[in-house]
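Comments concern the structure below.
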Amino acid sequence: AQSVTQPDIHITVSEGASLELRCNYSYGATPYLFWYVQSPGQGLQLLLKYFSGDTLVQGIKGFEAEFKRSQSSFNLRKPSVHWSDAAEYFCAVGVDDYKLSFGAGTTVTVRA
Amino acid sequence: DAGVIQSPRHEVTEMGQEVTLRCKPISGHNSLFWYRQTMMRGLELLIYFNNNVPIDDSGMPEDRFSAKMPNASFSTLKIQPSEPRDSAVYFCASRRTGNEKLFFGSGTQLSVL
């Protein structure tokens, strides 16, 4: 069965510093991979996705992620964090046509 | 477009009461999903509709939970009777079939006392 692991429950980063959120997956085939962000009191918003092709994917809000098949990873990065990036981030693996298996989430706190 | 609309935003009820959560998907979207989010289990898919028909309800926890989609613009998730362990945030999401981007509503925070 597929699974998604986000090893970091909580990350604190200074404004302007770089951010990297880890995501590892377990799935038999090449998965569809997603990163979602959830701001307080809001639903989930898609940041970026990977289906095939270039393994470095650009998303919204200055985020990017790199798919590494050898490491079964899809880590999310941002070079310079803004205070508005404080949120919870979810990595997800797409299975079949509609099932998304979500990681437990990583909470990002941005300090001034 | 107003996005996926869920109501109510917050619901507080007593154990044993019936709870109905509502969702209006984005116009033109023909796939609708109900998710539940808890600290313990994270985000779980409860049920998936395509063209108003339930395709996969394997995530519905038990018979106390039921979901309907009487038309393309409305869906309900009902819990009867509710229990404290049902306390969670329930999200509705929609998309066009074949378009993988899911649009989520703001969720309903349910507290069962």
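Keep in mind that this is a model prediction, so the values were computed, not measured. Residue numbering restarts at 1 for every chain, and letters A, B, ... go by the order of the sequence lines.
Phe90(A) and Phe102(A) have perpendicular rings, their planes meeting at more than 60° on a 0 to 90° scale where under 30° would count as parallel.
Only the side chain of Leu45(B) has a heavy atom closer than 4.5 Å to any heavy atom of chain A. Using a 4.5 Å cut-off between heavy atoms, Leu44(A) touches chain B through backbone and side chain atoms alike. The part of Gln38(A) that comes within reach of chain B is its side chain, from C-beta onward, which places non-hydrogen atoms under 4.5 angstrom from that chain. Using a 4.5 Å cut-off between heavy atoms, Gln37(B) contacts chain A through its side chain alone, with no backbone atom that close. With a 4.5 Å cut-off on non-hydrogen atoms, Arg9(B) touches chain A through its side chain but not through its backbone.
Counting all heavy atoms, side chain and backbone alike, Trp35(A) lies closest to Arg22(A) at CH2-O, 4.0 Å.
Residues passing the salt bridge (charged side-chain N to carboxylate O under 4.0 Å, His left out) test with Asp56(B), sequence neighbours excluded: Lys99(A).
Within the 4.5 Å cutoff, no side-chain heavy atoms of Leu100(A) are placed close to those of Phe33(B). Proximity of Val12(B) to Leu113(B): side-chain heavy atoms (C-beta onward) are separated by under 4.5 Å at one or more points.
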